[in-house]
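The block underneath contains the structure these notes are about, expressed in structure tokens.
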Amino acid sequence: MSKELISMLSSRLVAVISFFLALTLVKGFEGTIGVNYGTVANNLPPPAQVAHFLLESTVINRVRLFDANPEILRAFAHTGVAVTISVPNDQIPDLTKLNFAQQWVEDYIQPHTPATNIVRILVGNEVISTANKLLIVSLVTAMETLQTALVAASLDRRIQVSTPHSLGILSNSSPPSTGKFRQGDSNSPFMVNPYPFFDCSPDTLDYALFQPNAVVFDENTQLFYTNMLDAQLDAVFSAMKLLGFDDLEIVIAETGWPSMGDATQFGVDAKSAAEYNGNLMRHVTSGVGTPLMPNQTFETYIFALFNEDLKPGPTCERYFGLFRPDMTPVYDIGILRPTVAAAANIQHATCLLIITVGLLIIKNHG
């Protein structure tokens, strides 16, 4: 990264931290569980069916979209579900122009509010990690311009503007007290995407899954860590504190665990996924907080709502879903309402029985 880019990024992003802080003090969403609703698949149910399912059959009351799909936004109208939408990375340079930002708000926001409870717009996703100079230098201006467009439409008190980051923005994260942003990335991560799954090894699997383990000791703070997520969040907190922004709320924009993967991967099964996501839900809503952020809850979005069969990459990328495309649960972590969960288990068991009987008939008549 060039010195010019580092200087520009540092000076402008620090100003936006204060902007984030002001928004967080006005309104925050603490200790709530949402899901990332991705659509990179060709076998998902219609958005209206998904919205009805989430509202009537689950305890989920907030979703994050990776775009601003009008059909999905219409589907969530009058449900009360809090919806976070996204501006794709490739639109960030255009969003620096006020006329484009105003038109974007007019096209994608105003037709749906207040019927659809849009609470946040994310400008891009993990932009800093792309190393794309045009996107990086445009990000802050795009966010400021979008905020201006929301003010003009009298929507700024209803809708927040933010951007999520990967933990790749940290140059150091272990022990958590030494967390530090990479040079040039001196921005508040407000929304972060921590994935213990991608950082664990066979030796640290229990640590990543919130299971009993040898714990990790931070000599600088004399604090013990019983799970990897706390360590990741505290590393982000330490980096923020280094810049003087330790009172800014942290939101977990993405985290999850796959239920299936390649043979060379470890801990990739439905049992591990259920352990991680179930323990995650209990932990972030418990009010226990982390060693450096005690007595806190965290707004958290589990990745993802559905398995997405068209996602590229290793097998695990297509199996992060809490639900199959037919909306039966991949595993039970308490997301379904009790009566629905019982019915789903019966339905799945019946399907397996039918398949087994069919195979036996074929075998006997073969």
Side-chain angles (χ1 to χ4, degrees), residues 34-51 53-54 60 62-77 79 81-97 100-130 132 134-135 138-139 142-143 145-147 149-150 153 155 158-166 190-193 251-256 299 301-313 317-318 320-323 325:
V35 291
N36 286 268
Y37 180 4
T39 57
V40 187
N42 60 8
N43 56 358
L44 299 182
Q49 189 176 348
V50 173
F53 169 71
L54 290 179
I60 295 168
R62 100 183 22 249
V63 298
R64 173 194 173 194
L65 309 180
F66 290 91
D67 53 22
N69 185 310
E71 184 182 4
I72 296 179
L73 291 177
R74 285 192 296 270
F76 281 98
T79 63
V81 173
V83 179
T84 292
I85 64 176
S86 303
V87 179
N89 284 1
D90 59 7
Q91 291 185 17
I92 290 175
D94 291 328
L95 203 61
T96 62
K97 307 176 186 69
F100 182 91
Q102 291 175 326
Q103 189 64 51
W104 194 92
V105 169
E106 183 178 331
D107 291 343
Y108 292 101
I109 305 298
Q110 289 180 304
H112 305 288
T113 56
T116 300
N117 184 24
I118 300 173
V119 298
R120 187 179 291 128
I121 304 171
L122 303 184
V123 179
N125 187 42
E126 300 186 351
V127 174
I128 304 299
S129 300
T130 67
N132 183 310
L134 177 61
L135 295 183
S138 301
L139 178 60
M143 295 174 66
T145 306
L146 179 58
Q147 176 68 14
L150 289 174
L155 292 171
R158 176 187 294 272
I159 301 172
Q160 290 181 336
V161 176
S162 189
T163 186
H165 299 286
S166 77
F190 184 44
M191 301 188 76
V192 292
N193 300 343
V251 173
I252 301 173
E254 279 183 42
T255 190
E299 181 186 353
Y301 293 80
I302 299 175
F303 188 87
L305 180 55
F306 294 113
N307 287 332
E308 299 174 66
D309 65 342
L310 297 183
K311 293 202 72 173
E317 291 289 342
R318 293 178 283 284
F320 271 87
L322 296 172
F323 296 95

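Only a predicted model underlies this, so the values are computations on that prediction, with no experimental measurement involved. If you read the sequence from its start, that first residue is 1, and numbering goes on from there.
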Taking C-beta and beyond as the side chain, do [X] and [Y] meet within less than 4.5 Å on heavy atoms?
X	Y	result
His112	Pro70	yes
Thr163	Ile128	no
Val83	Asn117	no
Ile109	Ile121	yes

Next item on the list: Mark yes or no for whether Glu308, through its side chain, and Thr39, through its backbone, hold a donor-acceptor pair below 3.5 Å.
Entry: yes

Check: So, Asp309 side chain and Asn42 main chain: donor-acceptor pair closer than 3.5 Å or not?
Finding: yes

Taking only residues two or more places apart in sequence or in another chain, which ones pass side chain to side chain contact (heavy atoms under 4.5 Å, CB included) with [X]?
X	answer
Asp107	Gln103
Pro47	Tyr37, Glu71, Ile72, Ala75
Asn36	Arg64, Phe66, Glu254, Tyr301, Phe303

Next item on the list: State which residues pass salt bridge (charged side-chain N to carboxylate O under 4.0 Å, His left out) with Glu126; sequence neighbours excluded, sorted by chain then number.
Entry: none

Check: Residues in salt bridge (charged side-chain N to carboxylate O under 4.0 Å, His left out) with Asp94, at least two apart?
Finding: Lys97

Check: Out of Thr113, Leu146, Ile159, which one pairs with Val105 under the side chain to side chain contact (heavy atoms under 4.5 Å, CB included) rule?
Finding: Leu146

Notebook entry, point to check: Among pairs that include at least one residue of residues 81-92, which meet side-chain hydrogen bond (donor to acceptor under 3.5 Å, both in side chains), considering only residues two or more places apart or in two chains?
Noted result: Gln91-Trp104

Checklist line | Worked verdict on Ile85 versus Leu73 for side chain to side chain contact (heavy atoms under 4.5 Å, CB included) | finding: CA-CA 9 Å; Ile85 64 176; Leu73 291 177; 3.6 Å; yes

Margin query: Is it the case that atom OH in Tyr108 sees more than 12 heavy atoms from other parts of the structure closer than 6.0 Å?
Written below: no

